[in-house]
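First comes the structure, then the notes that go with it.
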Amino acid sequence: MARIIGTLSTSHIPAIGNAIAKGLQNEPYWKPFFDSWPPVREWLAREKPDVVVFFYNDHGLNFFLDKMPTFAVGACAEYVSEDEGWGIPTIPSVRGEPKLSWQIINGIVEDGFDPVMCQEMAVDHAITNPLLLMFPDAKWPVTIVPIAINSIQHPLPGPKRCFDLGRAVGKAIEAWPEDKKVLLIGSGGLSHQLDGERAGFINKAFDTECLEAMVSGVEPLTKYSALDVVELAGAQGVELMCWIAARAAMQGEVKELHRTYHIPISNTASAVQLLSHTRAVETAKAA
Amino acid sequence: MARIIGTLSTSHIPAIGNAIAKGLQNEPYWKPFFDSWPPVREWLAREKPDVVVFFYNDHGLNFFLDKMPTFAVGACAEYVSEDEGWGIPTIPSVRGEPKLSWQIINGIVEDGFDPVMCQEMAVDHAITNPLLLMFPDAKWPVTIVPIAINSIQHPLPGPKRCFDLGRAVGKAIEAWPEDKKVLLIGSGGLSHQLDGERAGFINKAFDTECLEAMVSGVEPLTKYSALDVVELAGAQGVELMCWIAARAAMQGEVKELHRTYHIPISNTASAVQLLSHTRAVETAKAA
Amino acid sequence: MAREIEGTTIFEGGQAMKGYQLNKMCFSFNDPENRKAFLADQAAYMDKYKLTKEQREALASGSVLKMIEAGGNAYYLAKLAGILGLGVQDIGAQQTGMTVEAFKQKLLDQARQ
Amino acid sequence: MAREIEGTTIFEGGQAMKGYQLNKMCFSFNDPENRKAFLADQAAYMDKYKLTKEQREALASGSVLKMIEAGGNAYYLAKLAGILGLGVQDIGAQQTGMTVEAFKQKLLDQARQ
Ligand SMILES: [Fe+3]
Ligand SMILES: [Fe+3]
């Protein structure tokens, strides 16, 4: 059976892609963020995940307002990195894991979710930046399954719905009969706002609450509505929903292996957090 | 407040559009089906709905497998009838009711549904045939809100999920503060199968069960899974899900005003059923 | 999705992946220009949509059952049938191995169940 | 959706409808050819996307707040900002009425809350 080995959550700020392209990792502005990655990469080299399931938000590359999904699950053999319109370098295409995609789609529809099923999907910096941070040589040793959460057009799915989605996805992954190691990624945030008179808003206290909840369990965050999250984390801080879903997919005992929180990159409170899944629920029960 | 005045359910078989275009309504083959419409039209002339909420399935015009929604709600100012590729005449565009669309979208997301929100939407014979049958002069006296239910790519949403969707949509309509009369339409079915060695399959007994349940309440149909419906109603008989959702949106007392069931049109068991919403739940309680 | 339903192919993930290019080609037939281009040069049009060998052979054979086996979905294949001038009863007869008349009679008989 | 959040426009149905053409134009900028076409003749490009008078005036003014008022969404407007060579801090400064330096300082200050 497939096994969820952990959740890696990270900011995906576009500027990260440019900093990588320009080799700025050791500049004082960038060092605090990039320094979080060697330990993550050591863990990856040791644990060797086979598949990465990404909870992320599309930034107007793959979806438009003509048909805006609430949740969309990729079921492609390959995901293509495409031009987003403002100069982030594209990366080599990433192989998909369609069998797991359909396992997840079947599982979550059974559990009362209404996903869009995607057989063609271009991926943006929310996928490409984390991949490059994990595997700087751009030789992907993993396949991926992208799960997009609407963060653009309200009504957004709120923390409770995203938590439930994560639960259902985790259940589907654990029921997948392949002997594969699955890493979850929550891509986005943390607090930031690009638009309006409140542009530049960051909320360190709320981010800290979320980072703590990622360790102890994100269920308490489900008391917030999507609009509460806009207020607390900023208009684009709603990307936090991806962290909630990724964490909710992992039940049982977890251990925090790494955490970085740094203000700012661009207009954003950046964060990287790695949680290992030390014992699945079933194992814990059996013990 | 808006008021749901009834549910009209009908087959939408493509050939109906061609029969209308060719004026075949009184041919022996067509007469049993078209004869069901004068009483429906009399009722419409008397009751004068302002808005029609369509539960229907797209037939490969507006959606493709690249991004296949489970549920999609139109929020357009206008819906365009487009060429489907095999000769059904297009009809004049229909005005939308975007305020009600967003009322429904906001309501159902709040209630745990994950719709695709559509601001551009081409509509096919599942919308155009019922409109032409209701208003043969093609001068639409109503606006519409289309709600598409995936009937193409499994996993399909099953009777239970579609029932719950209908409930949530009905609740949102009744909470709409505008003083408008809303007619629900379930477009599709009944039993039929176009593909495979079982092509031509029709199940009169199951159709009768469904038509009876439309009167007394469709909740008992939620015991079936989507695959049960494939087995009982045929591969395309899953369009029955549109009838279930439309009926579920209407709570309280209903009265059956009209029913036609005729085998076959094309490969399909055709049906037309009109239910009036005699008393909403709240009114019933107050009485 | 392991459920078997007699004479019925469930269009689930596996079929959806297998048939993607074929169905994409059929979806393109919503545009009259594309229907014309297909009729003018079927081989070139199938090249453009990267149809698999199995899909090309299914189309060449004219067998709807083979098209379904190659991943074709009824809703998209219907557009192809339209171009080829086949009605739903022709297709029904072909798939069930009946004459069109016998197929029509089968439909009528089901009214008397 | 009646909730008010200070200095924040919720991009809900009303805004989404109002801004549709503007955001659609911005979405087109994923394609480099379209970015070139826009830069070559902005008025013609805005005609093609049927921008409203308010949207054109907002673009002409260069004011991001006006673009948002005209229905622009941050995620799509970002592509326009890219074409115009504006970074997120330029935009932040402009919207908050600060100098870019002051805006950057504001960001830094929030690390010390
Ligand atoms: Fe982002
Ligand atoms: Fe149909």
Side-chain angles (χ1 to χ4, degrees), chain A residues 13-15 18 29 32 57-66 68 82-88 122 124 151-156 191-208 225-232 234-236 261-269, chain D residues 1 3-17 19-20 23-24 26-32 34-35 64-65 67-69 72-89 91-98 103-104 106-113:
Chain A
I13 306 151
N18 288 322
Y29 185 83
N57 61 299
D58 180 77
H59 296 71
L61 175 70
N62 195 59
F63 299 113
F64 182 59
L65 308 177
D66 59 335
M68 181 55 73
E82 280 183 12
D83 187 347
E84 296 182 49
W86 72 80
I88 308 173
D124 68 18
S151 72
I152 292 183
Q153 181 175 268
H154 290 256
L156 307 182
S191 62
H192 65 304
Q193 176 152 343
L194 301 176
D195 52 326
E197 293 86 349
R198 205 174 65 142
F201 172 79
I202 283 172
N203 187 344
K204 191 175 170 181
F206 180 66
D207 287 342
T208 307
S225 70
L227 289 174
D228 289 339
V229 177
V230 171
E231 182 149 28
L232 289 164
Q236 286 76 42
Y261 182 75
H262 171 70
I263 295 173
I265 292 182
S266 288
N267 290 7
T268 305
Chain D
M1 290 289 156
R3 169 111 162 243
E4 286 288 326
I5 297 171
E6 177 244 323
T8 306
T9 301
I10 300 297
F11 189 76
E12 41 60 72
Q15 286 297 106
M17 288 196 290
Y20 193 76
N23 292 313
K24 189 172 180 177
C26 292
F27 180 66
S28 80
F29 296 149
N30 286 320
D31 183 330
N34 290 337
R35 300 199 288 274
V64 174
L65 291 177
M67 295 179 206
I68 293 166
E69 209 183 316
N73 172 281
Y75 287 99
Y76 298 104
L77 286 179
K79 295 169 196 291
L80 178 66
I83 295 183
L84 303 176
L86 295 168
V88 286
Q89 280 139 17
I91 288 171
Q94 189 209 86
Q95 294 178 98
T96 53
M98 292 175 167
F103 183 76
K104 287 184 178 172
K106 174 191 154 167
L107 291 167
L108 286 169
D109 291 345
Q110 293 180 100
R112 289 184 218 99
Q113 280 166 337

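So that the names make sense, note that chain A is the first sequence line, chain B the second, and so on, each numbered from 1. It should be emphasised that the depicted structure is a prediction, and the values quoted were computed from it without experimental measurement.
Using a 4.5 Å cut-off between heavy atoms, A/Q193 contacts chain D through its side chain alone, with no backbone atom that close. Heavy-atom distances place the side chain of D/K106, and not its backbone, under 4.5 Å from chain A. Using a 4.5 Å cut-off between heavy atoms, A/D228 touches chain D through backbone and side chain atoms alike. For D/V88, the parts sitting under 4.5 Å from any heavy atom of chain A are the backbone and the side chain alike. With a 4.5 angstrom heavy-atom cutoff, D/F29 touches chain A only via backbone atoms. Proximity to chain A is limited to the side chain of D/N73, based on heavy atoms less than 4.5 angstrom apart. Of the atoms belonging to D/K24, heavy atoms from both backbone and side chain fall under 4.5 Å from chain A. Neither the backbone nor the side chain of A/S191 comes within contact range of chain D; no heavy atom of the residue lies under 4.5 Å from a heavy atom of that chain. Both the backbone and the side chain of A/D66 come within less than 4.5 Å of a heavy atom in chain D. Contacts of D/I68 with chain A are made by side-chain atoms alone, with heavy-atom separations under 4.5 Å and no backbone atom involved. With a threshold of 4.5 angstrom between heavy atoms, D/F103 approaches chain A through side-chain atoms but not through N, CA, C or O.
Aromatic pair D/Y75/A/H59: ring centres closer than 6.0 Å.
Counting heavy-atom pairs under 4.5 Å between each of D/Q110, D/E6, D/R112 and chain A puts D/Q110 at the top. With respect to chain D, the highest number of heavy-atom pairs below 4.5 Å among A/P14, A/G234, A/G196 belongs to A/G196. Counting heavy-atom pairs closer than 4.5 Å to chain D, the top-ranked of the candidates A/L194, A/N57, A/N203, A/N267 is A/N267. With chain A as the partner, the residue from D/T8, D/T9, D/N30 showing the most heavy-atom pairs under 4.5 Å is D/N30.
Ring geometry, A/F64 versus D/F27: the interplanar angle falls under 30°, so the pair is classed parallel (tilted spans 30 to 60°).
Of the possible polar contacts, none joining the D/R35 side chain to the A/W86 backbone as a donor-acceptor pair under 3.5 Å is found. A side-chain donor-acceptor contact under 3.5 Å links A/N62 to the backbone of A/A122.
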message = Using side-chain contact (heavy atoms from CB on, under 4.5 Å), reason through D/Q15 and D/I10 one step at a time and then give a plain yes or no.
response = CA-CA 8 Å; D/Q15 286 297 106; D/I10 300 297; over 6 Å; no
